[in-house]
Amino acid sequence: MKKGLASILALLLTLTMAQSVFANGTEEASRGEFVKALLETLEVDVAHYGELEDNQFEDVSAELAPYVKAAETLGITKGISNTTFGTNEKITREQAYVFLIRALNLADDYDVAVLNDYYDGESVSDWAKAELAAAIELGLLQGYLDHTLRPGNNLLTKHMDLLLSRYDENFDRVSIVHTNDLHGRVLYNEENGEMGLAKIATKIEQLRGSNPDTFIFDMGDTFHGTNYVNLNEGQAAVEAMQLIGYDALVPGNHDFNFGRERLLEIADEVDFPIISANVVETDSGETILPAYEIVTLADKTFALIGVTAQDTVVKTHPNNIEGLTFKVEAETVEAYVNELKDEVDHILVLSHAGYDIDQQIAAQVEGIDLILGGHSHTTLEKPELHGQTYITQAYEHGKAFGVTHMLYFNDELIGVQGHLVRDSAALEPDQQVTDLLNEYVEEVEEAFSEVIGTIAVDLDGAREDVRTKETNLGNLITDAMRDVVDAEIAVTNGGGIRDNIAAGEVTFGDVNTAFPFPNFVIALELTGEQLLNSLEHSVSLYPEQNGGFLQTSGLTYSFDPARPAGSRITEALVNGEPLQADAVYTVATNDFTAAGGDGYEWFMEANLVADTGEYLSTVLIDYIRAGKPIPEVENRIQVVE
């Protein structure tokens with residue numbers, strides 16, 4: 001009887017202990033649970049992923065979906081099949097460490113021989129050996145007291161908490177928030193996904209609160225691009241960036257659009273350095289801005305070297321850069337790296353040169369830890385390792401900005417991890433920045449009522465006209481485009497003209513209503529054959545309305561709509577002379593058409609002569625202000641009956 005009672009008491013004690021242990025974290029973690037905890041530990045902003053509607057996995061809830069999408073985007077893990085993520089499947093110890101190490105984006109591999117120090121090291125799966133070796137060397141994986149790793153065992157939640165806590169304990173971070181190619185998009189625009197500087201400011205404050213060791217950098221093409229900066233020569237952006245507390249900026253090609261003197265004024269005004277090593281006076285060879293800046297953060301010294309795209313010579317108006325030379329980017333950076341590498345702990349390049357050039361710099365120049373890029377509007381979801389140099393870039397127009405962490409173990413840089421932040425409903429704008437920018441909004445709205453000139457005739461910008469025939473407004477805008485770049489020919493798509501302009505006093509608002517799109521004037525070299533193809537494409541849908549119908553200057557043509565599409569042009573003249581198929585012509589157009597818009601793909605093959613950065617609306621305003629003649633409809637485009 002006593003023996004039976006003892007057995008029952010022992011069983012009850014065992015069950016009680018089991019419940020206690022279970023409650024203390026010996027339950028097994030699932031894949032979904034671990035991925036969510038990992039991304040929260042890494043402070044990855046997943047909010048915008050929750051607003052996407054492309055959840056492909058049947059076993060992923062709406063709550064978990066943003067974490068799963070982020071993990072896939074950052075190369076941490078994918079699903080176990082095309083339709084199943086394996087949310088509720090148990091995650092093994094080796095799987096968990098593989099996910100964590102992938103997330104660290106390490107610079108180096110670690111010797112897998114370290115696995116031999118454990119009795120069951122040989123049982124680690126081949127696909128996990130490199131990551132587990134790294135986890136051991138970085139103090140994330142310490143094994144059991146019996147000197148085993150137990151890689152195939154399911155991960156217990158208490159061990160999940162332990163390994164994620166070691167991330168915070170073992171590593172230090174210097175964080176960098178980086179923007180590029182804002183092109184004056186300082187205001188929130190929900191339709192375009194443009195966060196604006198007020199929303200970006202909110203996230204910056206959150207990140208600084210999490211890690212005081214945080215830099216804020218901008219990679220250029222910032223001060224020009226919308227009416228909210230163009231009408232004040234970039235001042236709205238300047239003051240907002242001052243308020244946010246940027247730490248450095250490299251000028252882009254379009255930051256010269258108000259002229260070099262205005263850029264130098266901005267550089268004198270701001271509290272942060274504006275740097276570029278390869279923009280020099282042609283006569284003296286001296287840089288017009290500081291080539292670099294040495295800064296200290298987290299007891300480490302950083303040399304920031306700025307570099308501006310060499311093709312600025314064709315990507316702003318020549319008058320803006322008169323007397324300046326833009327030196328080869330990689331060679332310039334190499335010279336300064338050699339000068340500075342023994343003086344600092346780290347070298348960062350702030351580049352407005354484009355992703356291709358950044359890769360050239362990384363391949364050619366040793367000693368650069370990180371290149372933060374712009375100019376090419378490239379979307380890099382996380383920093384990429386090229387040799388021993390990381391490269392990152394954050395798309396365009398404030399549709400994303402980068403959060404990049406330089407990761408240290410025992411005071412040595414071991415990797416650079418990061419992600420992009422995009423707009424979400426949860427991201428509120430900073431009130432101070434909003435109030436500042438609203439002052440400029442009021443100024444712009446007031447400026448829209450300003451009279452820029454007087455015209456004697458109505459300008460025809462009606463949709464049904466500019467998409468099917470020559471109009472006087474089409475003639476006027478192409479004359480202005482041709483004039484600003486001194487081209488032989490100008491063409492622009494009728495779909496970019498959106499309203500009439502009435503006779504009488506003309507205001508800023510009138511012109512911007514007629515030309516509402518942020519399209520720049522571009523100059524290309526096109527052959528006569530390419531131009532003939534363009535004219536055929538222009539009239540291919542006639543008599544239907546076609547947004548790609550070309551308004552022209554310097555180029556007149558006739559077409560027969562009774563002929564098949566592709567063979568309708570009966571005559572084409574350039575300034576009164578027959579179009580020559582093998583001749584090369586300088587053609588002004590807009591950046592939308594130059595990028596192949598409306599089906600003009602062959603424009604993308606053309607040699608770029610100039611990218612003014614000037615809006616069509618600005619070019620037309622200047623033309624009217626100068627009192628230049630308003631053309632009539634003058635048979636530039638004729639329909640053969």
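In this chain, numbering begins with 1 at the start of the sequence shown.
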Assess whether atom CD of Glu63 is packed by more than 12 heavy atoms of other residues, nucleotides or ligands within 6.0 Å.
no
Say you draw a straight line from CG of Leu420 to CG of Asp45; how long is it, rounded to the nearest 0.5 Å?
10.5 Å
Got a second to check how far Ile347's CD1 is from Leu370's CG, nearest 0.5 Å?
12.0 Å
Validation: residues 183-190 side-chain donor-acceptor distances under 3.5 Å, sequence neighbours left out:
unit_1 : atom_1 : unit_2 : atom_2 : d
His183 : NE2    : Asp221 : OD2    : 3.4
His183 : NE2    : His377 : NE2    : 3.3
Arg185 : NH1    : His183 : O      : 3.0
Tyr188 : OH     : Asp423 : OD2    : 3.3
Asn189 : OD1    : Glu191 : N      : 3.2
Asn189 : OD1    : Asn192 : N      : 3.0

Heavy atoms of Asn180 and Ala394 approach each other most closely as OD1-N, 3.0 Å
With a 4.5 Å heavy-atom cut-off, do Ser351 and Leu372 have their side chains touching?
no
Where does the angle between the aromatic ring planes of His405 and His419 fall among parallel (under 30°), tilted (30 to 60°) and perpendicular (over 60°)?
tilted
Under 3.5 Å, is there a donor on one side chain and an acceptor on the other for Ser30 and Asn88?
no
Please determine whether ring-ring contact (aromatic ring centres under 6.0 Å, His included) holds for the pair Phe326 and Phe256, giving the CA-CA distance in whole Å, both sets of side-chain angles, and the decisive distance to 0.1 Å.
CA-CA 12 Å; Phe326 291 75; Phe256 288 86; 5.6 Å; yes
With a cut-off of 6.0 Å (strictly less than), are more than 12 heavy atoms of other residues, nucleotides or ligands near CG of Asp299?
no
Working to the nearest 0.5 angstrom, can you tell me the gap between His352 NE2 and Thr312 OG1?
6.5 Å
Please determine whether a side-chain nitrogen of the Lys or Arg among Glu169 and Arg166 lies less than 4.0 Å from a carboxylate oxygen of the Asp or Glu.
no
Would you sort out whether Thr92 and Asn154 count as a side chain to side chain donor-acceptor pair (under 3.5 Å), showing the intermediate values?
CA-CA 4 Å; Thr92 65; Asn154 290 338; over 6 Å; no
Mind listing the side-chain donor-acceptor pairs of residues 332-340 below 3.5 Å, one per line with the distance, residues two or more places apart or on another chain?
unit_1 : atom_1 : unit_2 : atom_2 : d
Thr332 : OG1    : Val328 : O      : 2.7
Glu334 : OE1    : Gln364 : NE2    : 3.3
Asn338 : ND2    : Glu334 : O      : 3.3

Please report the closest heavy-atom contact between Leu413 and Asp369, naming both atoms and the distance.
CD2-OD1, 3.7 Å
Are side-chain heavy atoms of Arg422 and Glu51 found at a separation under 4.5 Å?
no
Would you find more than 12 non-hydrogen atoms of other residues, nucleotides or ligands less than 6.0 Å from Tyr119 atom OH?
no
Step-by-step salt bridge (charged side-chain N to carboxylate O under 4.0 Å, His left out) determination, Lys399 to Glu396:
CA-CA 6 Å; Lys399 297 172 186 175; Glu396 65 178 8; 3.0 Å; yes
Are Glu331 and Lys327 within salt-bridge range, i.e. N to O under 4.0 Å?
no
Point-to-point distance, once rounded to the nearest 0.5 Å, from CG of Leu38 to CZ of Phe99
9.0 Å
Less than 4.0 Å between a side-chain N and a carboxylate O, is that true for Lys300 and Asp411?
yes
State, to 0.1 Å, how close Leu297 and Thr214 come at their nearest heavy-atom pair, and which atoms those are.
CD2-N, 3.7 Å
If you draw a 6.0 Å radius around CD in Glu366, do more than 12 non-hydrogen atoms from other residues or ligands fall strictly inside?
no
Between Phe215 and Phe217, how do the two ring planes meet: parallel, tilted or perpendicular, split at 30° and 60°?
parallel
Given the options His224, His375, Lys315, Asn253 meets side chain to side chain donor-acceptor pair (under 3.5 Å) only with His375
Taking every non-hydrogen atom, the tightest pair across Gly373 and Gln393:
O-CG, 3.2 Å
Mind checking the OH-OG1 spacing from Tyr167 to Thr41? Nearest 0.5 Å is all I need.
8.5 Å
Any luck finding a side-chain donor-acceptor pair between Ser175 and Asn211 under 3.5 Å?
yes
Between Gly50 and Pro66, the two heavy atoms sitting closest are N-CB, 3.6 Å
Out of curiosity, Ile391 CD1 to Asp358 CG, how far, rounded to the nearest 0.5 Å?
5.5 Å
Could you work out, with ring-ring contact (aromatic ring centres under 6.0 Å, His included) as the rule, every residue matching His346, not counting sequence neighbours?
Phe302, Tyr408
With no hydrogens and no angle check, do the side chains of Glu72 and Tyr49 hold a donor and an acceptor under 3.5 Å apart?
no
Plane angle bin for His254 and Phe520 - parallel if under 30°, tilted between 30 and 60°, otherwise perpendicular
tilted
Distance-only criterion, 3.5 Å: show the donor-acceptor pairs between side-chain atoms of residues 240-247 and protein atoms not counting sequence neighbours.
unit_1 : atom_1 : unit_2 : atom_2 : d
Gln242 : OE1    : Asp271 : N      : 2.9
Tyr246 : OH     : Thr179 : OG1    : 3.0
Asp247 : OD2    : Ile216 : N      : 2.7

Under the salt bridge (Lys or Arg N to Asp or Glu O under 4.0 Å) definition, can you give me all pairs with a residue in residues 127-140, not counting sequence neighbours?
Asp126-Lys129
Is the Phe85 ring parallel, tilted or perpendicular to the Phe57 ring (thresholds 30°, 60°)?
tilted
Identify whether the distance between the nearest side-chain nitrogen and carboxylate oxygen of Asp345 and Lys341 falls below 4.0 Å.
no
Residues Lys203, Glu43: salt bridge by 4.0 Å N-O rule:
no
Would Ser276 and Thr308 count as having a side-chain donor-acceptor pair, cut-off 3.5 Å?
yes
Listed pairs under 3.5 Å, donor-acceptor, residues 107-118 side chains, sequence neighbours left out:
unit_1 : atom_1 : unit_2 : atom_2 : d
Asp111 : OD1    : Ala113 : N      : 2.9
Asn116 : ND2    : Ala113 : O      : 3.4

